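For the numbers below, each heavy atom of this structure counts, side chains included, while hydrogens, waters and symmetry mates do not. The structure displayed is predicted, hence computed values, not measured ones.
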Amino acid sequence: MHQTHTLQEKLRQFLSVLLPILVSQLALFAMTFFDTIMSGHASPVDLAGVAIGSSIWVPIQSGLTGILLAVTPMVAQLVGAMRKDQVPFTVMQALYLSVVIAVAVILCGALVLQPILNSMNLETDVRDIARRFLIALSFGIVPMFVYTVLRCFIDALGMTRVTMVITLISLPINVALNYVLIFGNFGFPRLGGVGAGVASAITYWCIALISLYVVHRVEPFTEYRMFSRLFRVSLPAWKELLRLGVPIGFSIFFEVSIFAAVTLLMSQFNTVTIAAHQAAMNFASFIYMVPLSISMALTIVVGFEVGAERFRDARQYSYLGIGIALVMASLFAVGLFLFSEQVAGFYTTDPDVLQLTQQFLMYSILFLLSDAVAAPIQGILRGYKDVTVPFVAALVSYWVIGLPLGYLLANYTSLAAFGYWIGLIAGLAAGAVFLFGRLLLMQRRTVKAT
């Protein structure tokens, strides 16, 4: 990362940060995709067990690792302010905190996992696979949380290509482990869906160890001498991390869990509707990797400029990122409008499911446009360390506006299942407007102050 002077320089630097993040996010998405697909080829029961286990774990994992994302703006601002000597202390405290959070998750899971599964109306075999899948996955929670901190540190320096390479290395490892553990190839035991959990846990250990090696032995990270001394645990430092991280984590949790809630509420409709909803939502999640990656890149570049008190440069990066997101969303929207049948065909050959999936995909176009504004602004505000207001916006837009409106439209109008999508779109759009107003206020204050 370095200071830029022209818009062309900013575009070049922003793309150099963004593109590796996008590749990394797509690779991470591919891991979940292969877990699901390969479990489905084992048996329908294995697929159902992995799906249930994932629906429990993903919102929790996303929210808790979201707490650790506070490391990115903190390190980016320290580097921008030329206070690099303080970076090792911040990262080490985050590593300590990540281990404590991971252990707490494992202990809580041991107490509540079985009661949660028992409360769900599941077949015995499905419940057993979901339980064993989550137990297997739990052995990888500590390294996954450690890797999250190390990735935030690496990315905050603008070295996003490094995390891209680490992620691309981990993808074939995960797929190969799935192949031997799910299906029992090459003399390994056939574990079915549980094998996907074991494979994920081993993969987490691999990427954590690779990241530790890179931070310790590879330039430019070696100049920080990250592990040259062990700092004592600092509760004030933890408090600062949690002050920034908890609102980020809850914002992500509210966003992820709302889609899980809608999927559960969709169970009142027939199988064709549920299948079409899942297909369209999966494709929408795939496309969401673009604005999400832009959001993560904006946190890095805006945090760097804010740390250096170059607030006008931070503002230019902000609108550059939002502009790129809107252009990409518009292109995806046109593509979906023209090729919705072909996209739906990736997921099903059933004519009824195919037709209904196409209709859901038309609604996802509005998702794209709202996400193109809301997601980048969330990343920008994190770069400013402004996290409380986005947290409130996520809570209100999804759980106060989106879900209640969707429930009313789905159950008391002829829109049926489409009502939930309209509710989510309305909530997301309201959140985008609210966040944009907050961004304007934040930038007016900072620029005026200089």
Side-chain angles (χ1 to χ4, degrees), residues 25 29 58-59 62-63 66 247-266 277-296 298-299 318 321-333 336-337 359-382 386-410 413 415 417-440:
Q25 291 303 120
F29 183 86
V58 169
S62 299
I248 295 174
F250 271 105
S251 297
I252 296 172
F253 175 77
F254 288 140
E255 185 171 351
V256 173
S257 61
I258 191 72
F259 293 101
V262 168
T263 299
L264 292 175
L265 290 170
M266 280 282 182
H277 162 79
Q278 287 291 83
M281 191 62 75
N282 181 265
F283 190 75
S285 300
F286 168 70
I287 293 178
Y288 179 66
M289 293 301 104
V290 175
L292 176 62
S293 300
I294 292 172
S295 173
M296 296 170 72
L298 283 169
T299 298
S318 301
I322 295 171
I324 292 174
L326 284 170
V327 169
M328 294 299 296
S330 300
L331 292 175
F332 280 126
L336 265 181
F337 184 78
Q359 296 179 46
F360 278 120
L361 287 172
M362 291 299 99
Y363 284 94
S364 72
I365 290 175
L366 298 176
F367 257 108
L368 299 179
L369 297 174
S370 296
D371 274 330
V373 177
I377 294 178
Q378 287 177 328
I380 294 165
L381 291 175
R382 287 171 193 164
D386 182 33
V387 293
T388 303
V389 171
F391 154 66
V392 174
L395 173 62
V396 173
S397 61
Y398 286 111
W399 288 93
V400 177
I401 297 175
L403 188 61
L405 177 61
Y407 182 84
L408 291 173
L409 293 175
T413 72
L415 289 168
F418 298 117
Y420 284 115
W421 281 65
I422 293 174
L424 289 175
I425 292 166
L428 188 59
V433 172
F434 188 74
L435 288 170
F436 188 67
R438 177 63 179 179
L439 177 62
L440 291 177

### Task
Output the distance between atom CG (Asp386) and atom CD1 (Ile377), rounded to the nearest 0.5 Å.
11.5 Å

### Task
Decide yes or no for Leu405 and Leu424: does some side-chain heavy atom of the first lie under 4.5 Å from some side-chain heavy atom of the second?
no

### Query
Considering only heavy atoms from C-beta outward, does the side chain of Ile365 approach that of Phe332 to under 4.5 Å?
no

### Query
Strictly by modelled atom types, are Tyr288 and Gln25 linked by a side-chain donor-acceptor pair under 3.5 Å?
no

### Message
Quick check: do Ile258 and Trp399 have side-chain heavy atoms less than 4.5 Å from each other?
### Response
yes

#### Entry: Distance, nearest 0.5 Å, that separates CD1 of Ile324 from CG of Leu298
8.0 Å

### Task
List the atom of Ile380, the atom of Ser318, and the distance in Å for their closest heavy-atom pair.
CG2-OG, 3.3 Å

### Task
Verify the neighbour count for atom CZ of Phe29: are there more than 12 heavy atoms of other residues, nucleotides or ligands below 6.0 Å?
yes

### Query
Just wondering, are more than 12 heavy atoms of other shown residues or ligands nearer than 6.0 Å to CZ in Phe418?
yes

### Query
Quick one: does Ser295's side chain have a donor or acceptor within less than 3.5 Å of a partner on Pro291's backbone?
no

### Query
Do Leu435 and Pro390 have side-chain heavy atoms sitting under 4.5 Å apart?
yes

### Query
Side chains of Val433 and Val373: closer than 4.5 Å at any heavy-atom pair?
no

### Task
Test Ser364 against every option in Asp371, Leu336, Ile425 by the side chain to side chain contact (heavy atoms under 4.5 Å, CB included) rule and name the one that passes.
Leu336

### Query
Is there a donor-acceptor pair under 3.5 Å between the side chain of Thr299 and the backbone N or O of Gly379?
yes

### Task
For residues Gln378 and Glu255, determine if any side-chain heavy atom of one lies less than 4.5 Å from a side-chain heavy atom of the other.
yes

### Query
Picking from Phe283, Phe367, Trp421, Tyr420, what satisfies ring pair (Phe, Tyr, Trp, His ring centres under 6.0 Å) with Phe360?
Trp421

### Query
Does Leu381 reach the side chain of Val389, with side-chain heavy atoms less than 4.5 Å apart?
no

### Query
Does atom CZ of Phe434 have more than 12 heavy-atom neighbours from other groups under 6.0 Å away?
no

